[in-house]
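Below is one structure, written out as structure tokens, with a few remarks after it.
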Amino acid sequence: QVQLVESGGGAVQAGGSLRLSCAASGYIYSTYYMGWFRQAPGKARERVATITSGGTTTYAASVKGRFTISKDNAKNTLYLQMDSLKPEDTDMYYCAADPRMERLWLGVPSYWGQGTQVTVSS
């Protein structure tokens, strides 16, 4: 059973930084595709960033140049470095993983974390 546990969320002022972590446990291959999503109540879920086993990354236009996704395969941990945060980045952030990229891309990955709240004040 795969488990994903996020941490690192919190409250920060606009312009500040946070680093989210996602610790993966259970039977998860290093070849899995992983990513970060975010969602606020009443809003559609947004794919924020993804990363392949080889380290190829993609970003939503809204975060490109400000957020950086990375992973440490030895520690089975996924990261999201968030810089120059804006109030509109306020959301619940979720870690996700899937052996198939298209499922991650479509927002229907096999595994989800429980989420960590990020709040950015102006």
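Keep in mind that this is a model prediction, so the values were computed, not measured. For the numbers below, each heavy atom of this structure counts, side chains included, while hydrogens, waters and symmetry mates do not.
- Leu78 and Tyr93 end up in the same hydrophobic cluster when Ile, Leu, Val, Met, Phe, Trp and Tyr side chains are linked at under 4.5 Å.
- Hydrophobic clustering (ILVMFWY, side-chain heavy atoms < 4.5 Å, transitive): Val2 and Met101 are in distinct clusters.
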Which is it for Tyr79 and Thr68 under the side chain to side chain contact (heavy atoms under 4.5 Å, CB included) test, yes or no, and what are the steps along the way?
CA-CA 8 Å; Tyr79 303 100; Thr68 303; over 6 Å; no
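- Residues Val48 and Tyr94 do not share a hydrophobic cluster, defined by chaining ILVMFWY side chains whose heavy atoms lie under 4.5 Å apart.
- Between Met34 and Cys95, the closest heavy-atom pair is CE-SG, 4.1 Å.
- Hydrophobic clustering (side-chain heavy atoms under 4.5 Å, transitive across Ile, Leu, Val, Met, Phe, Trp, Tyr) groups Leu20 together with Ile69.
- Closest heavy-atom contact between Gly107 and Pro109: C-CD, 3.2 Å.
- Under the 30°/60° scheme for interplanar angles, the aromatic rings of Tyr111 and Tyr32 are found to lie parallel.
- Looking at heavy atoms from C-beta onward, Asn73 lies in side-chain contact with Lys71 at the 4.5 angstrom threshold.
- Residues Asp91 and Gln117 share a closest heavy-atom pair of O-NE2, 3.3 Å.
- Contact record, Gly8 with Leu18: O-CD2, 3.9 Å, taken as the closest heavy-atom pair.
- At most 12 heavy atoms of other shown residues, nucleotides or ligands fall within 6.0 angstrom of atom CD in Gln3.
- Between the side chains of Thr58 and Thr50, at least one donor N or O sits under 3.5 Å from an acceptor N or O.
- A side-chain donor-acceptor contact under 3.5 Å links Glu46 and Ser62.
- In the hydrophobic cluster analysis, where Ile, Leu, Val, Met, Phe, Trp and Tyr join through side-chain heavy atoms closer than 4.5 angstrom, Leu4 is grouped together with Leu80.
- Both the sub-6.0 Å distance and the 45° axial angle are not jointly satisfied by Arg45 relative to the ring of Trp36.
- Side-chain N/O atoms of Ser110 and Asp98 include a donor and acceptor closer than 3.5 Å.
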Show, in sequence, the C-alpha distance, side-chain angles and deciding distance for Ser17 and Asp83, and conclude whether the side-chain hydrogen bond (donor to acceptor under 3.5 Å, both in side chains) test is met.
CA-CA 4 Å; Ser17 298; Asp83 299 317; 2.8 Å; yes
Please lay out, stage by stage, how Thr90 and Val118 fare under the test side chain to side chain contact (heavy atoms under 4.5 Å, CB included).
CA-CA 5 Å; Thr90 295; Val118 171; 5.9 Å; no
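- Using a 4.5 Å cut-off on side-chain heavy atoms (C-beta onward), Trp105 and Tyr33 make no contact.
- To the nearest 0.5 Å, the span separating OG on Ser121 from CD on Gln13 amounts to 5.0 Å.
- In this structure, CD in Gln39 is found 14.0 Å from CZ in Arg47, a value given to the nearest 0.5 Å.
- When all heavy atoms of Ala14 and Pro87 are compared, the closest pair comes out as CB-CD, 4.1 Å.
- Summarising the geometry of Phe67 relative to Arg38, their closest heavy-atom pair is CE2-NH1, 4.0 Å, with the distance given to 0.1 Å.
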